[in-house]
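Below is one structure, written out as structure tokens, with a few remarks after it.
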There are 2 protein chains.
Amino acid sequence: MAERKTTWKSVRDRVRDDILAGRFKPGDRLPRDADFADTLNCARSTVQRAMQDLVDSGLIERRRKGGTHVRREPIARATLDIRVTRLEIEQSGREYGYQLISLKEAVPPVSVLAKLGIAAPRPLLRADALHLADGRPYILEERWICTQTTPEILQVDLTRISANEWLIKNKPYSRYELRLYAQKASATTAQQMEIDQGDALFVIERATFEDERPITLVKSFAQPGYQLVATT
Amino acid sequence: MAERKTTWKSVRDRVRDDILAGRFKPGDRLPRDADFADTLNCARSTVQRAMQDLVDSGLIERRRKGGTHVRREPIARATLDIRVTRLEIEQSGREYGYQLISLKEAVPPVSVLAKLGIAAPRPLLRADALHLADGRPYILEERWICTQTTPEILQVDLTRISANEWLIKNKPYSRYELRLYAQKASATTAQQMEIDQGDALFVIERATFEDERPITLVKSFAQPGYQLVATT
DNA sequence: TAGTGGTCTAGACCACCGG
DNA sequence: CGGTGGTCTAGACCACTAT
């Protein structure tokens with residue numbers, strides 16, 4: 001025998017190929033892990049590891065007793081890494097700059113309250129700021145911060161450090177929701193970003209929570225031309 | 001002892017809490033898995049499973065011999081599920097419609113060739129189509145297809161089935177690249193989508209490959225108001 | 001080269017859920 | 001209820017890489 005050892009990746013690849021080649025069709029039930037293990041002459045846990053990877057990539061579904069099935073409706077699953085804005089700029093070789101535009105307390109619109117899961121309207125801290133790359137506006141941040149869950153933010157000098165950075169360093173979150181969409185630049189936004197009114201902006205909206213308690217909601221407006229890249 | 005069994009999730013949560021609470025700071029080295037296992041009185045593989053999860057979520061980095069470290073530069077990692085357009089529409093309770101706009105062979109611009117990793121310019125199949133929700137334009141698809149890697153597409157009646165759907169069912173891919181950005185609607189696009197010229201469109205651009213061999217590149221222009229949502 | 005994470009094994013028990 | 005996947009264990013060996 002000149003056989004290499006069976007690894008979980010080789011099992012995964014084999015099963016994946018079987019599915020992609022149509023030997024197992026959408027909705028089909030796959031053999032039990034134990035049978036795969038016998039066939040491939042490896043331990044069941046090796047098969048289990050492979051299957052878990054296929055679940056993660058969205059190709060199959062597994063249920064106890066129900067068995068393993070090829071997903072009926074294929075999905076493409078991609079992973080997005082969102083870095084701190086400062087590092088994103090610095091790591092692309094440009095100089096980072098930061099500028100606080102405004103800071104005040106105000107009662108946010110209901111749409112904002114809804115996204116943060118706040119029932120009764122109450123004032124939050126609103127911080128608008130600009131992240132600059134080589135001195136030019138790169139990302140405009142419109143942020144609401146819950147002073148109830150993060151009162152310490154009131155002691156921070158937000159003219160020197162961005163809320164983005166302070167929060168990441170000091171306020172852990174357990175969950176967040178991302179929304180990505182496109183929006184036309186308003187007159188105000190256009191002026192702040194030094195672009196034309198009506199330009200298409202890429203918007204990253206993120207709400208973060210700590211155990212269901214809202215921390216912050218931020219809309220990041222990216223300069224026209226900005227791209228978010230994800231790979232499999 | 002009224003102790004419950006140590007599960008890998010409990011280990012993960014404990015380590016994560018330690019990190020988020022600042023007991024381990026960015027860059028810090030964590031104990032070896034074996035030590036954690038001793039401390040928590042569980043098997044090393046249980047610790048390993050927990051650590052793998054933390055790696056996946058972007059909180060820590062691990063290297064053989066180097067050990068486990070808290071990431072210096074925190075990243076927010078989110079997973080995007082991209083469904084077949086037809087299902088996306090149908091599952092939101094609207095009626096799906098499809099319409100082929102044009103089909104021809106042409107030599108794509110270098111930017112397209114570059115994204116597909118094609119060195120020498122050669123003609124590809126260009127298929128433009130519209131996906132409709134309740135009879136109204138929802139997503140406009142501009143697609144290039146490599147007839148070299150997928151010659152079968154030439155036999156398909158693309159006026160009846162979308163290339164989107166046919167490819168997913170018949171052409172497996174092993175890798176893809178996603179680019180997300182915002183773009184103003186051109187005069188032509190605006191007309192096809194029944195919107196105003198200059199409206200901000202959300203664009204999902206996807207290049208798919210099978211073992212480095214390019215299959216297709218598609219730009220999907222989504223109706224203003226379209227949002228892509230991701231959760232942790 | 002030695003220390004660390006990565007993987008495989010064989011076996012056991014448990015948790016879920018379909019029939 | 002019984003079949004299936006999910007997890008834990010204890011041990012072994014391997015693969016990478018920091019020192």
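Order of the sequence lines fixes the chain letters, A, B, ..., with proteins taken first and strands second; residue numbering starts at 1 for each chain.
Relative ring orientation between A/F24 and A/F36 is described as perpendicular, the plane-to-plane angle rising above 60° on a 0-90° scale split at 30° and 60°. Using bins of under 30°, 30° to 60° and over 60° for the plane-to-plane angle, the ring pair A/Y176/A/Y173 lands in the perpendicular bin.
Side-chain nitrogen and oxygen atoms of A/T46 include at least one within less than 4.0 Å of the OP1 or OP2 phosphate oxygen of C/dT9. Within the structure, a side-chain polar atom (N or O) of B/R29 is placed less than 4.0 Å from OP1 or OP2 of C/dT4. OP1 or OP2 of C/dG6 sits under 4.0 Å from a side-chain N or O of B/Q48.
Contact annotation for B/S45: base contact, defined as any heavy-atom pair under 4.0 Å involving a base atom.
Between D/dC13, D/dT7, D/dG6, one nucleotide has an atom nearer to the side chain of A/R62 than all others, and that is D/dG6. In this structure, of D/dG5, C/dT4, D/dT7, it is D/dT7 that holds the atom nearest to the side chain of B/R49. Picking from C/dG6, D/dC8, C/dT9 the nucleotide with the shortest atom distance to the side chain of B/Q52 gives C/dG6.
The pair A/R62-A/D33 counts as a salt bridge, with a side-chain nitrogen and a carboxylate oxygen less than 4.0 angstrom apart. Salt bridge annotation for A/K115-A/E177: absent, with no cationic side-chain nitrogen under 4.0 angstrom from a carboxylate oxygen. Residues B/R16 and B/D13 are paired through a salt bridge, judged by an N-O separation under 4.0 Å between the basic side chain and the carboxylate.
Rounding to whole angstrom units, CG of residue A/D56 and C1' of D/dG6 are separated by 14 Å. Atom CG of B/D38 is separated from atom P of D/dA10 by 11 Å (rounded to the nearest Å). Spacing between atom NZ of A/K9 and atom P of D/dA15 amounts to 13 Å, rounded to whole angstrom units. Residue B/I60 contributes atom CD1, which lies 16 Å from atom P of C/dT4 at whole-angstrom precision. Distance CG (B/N41) to P (D/dA10): 8 Å, rounded to an integer number of Å. We find that NE2 of B/H69 is positioned 10 Å from C1' of C/dT4, with the value rounded to whole Å. Between A/R44 atom CZ and C/dC8 atom P there is a gap of 15 Å when expressed in whole angstrom units. Distance, A/L30 CG to D/dT4 P: 13 Å, rounded to whole Å.
For B/R160, the CZ atom counts as loosely surrounded, since its 6.0 Å shell holds 12 or fewer non-hydrogen atoms of other residues, nucleotides or ligands.
Between the B/T39 side chain and the B/D35 main chain, a donor and an acceptor come within less than 3.5 Å of each other.
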Distances for protein N/O vs nucleotides 14-19 of chain C N/O pairs under 3.5 angstrom?
from: C/dA15; atom 1: N3; to: A/R64; atom 2: NE; distance (Å): 3.1

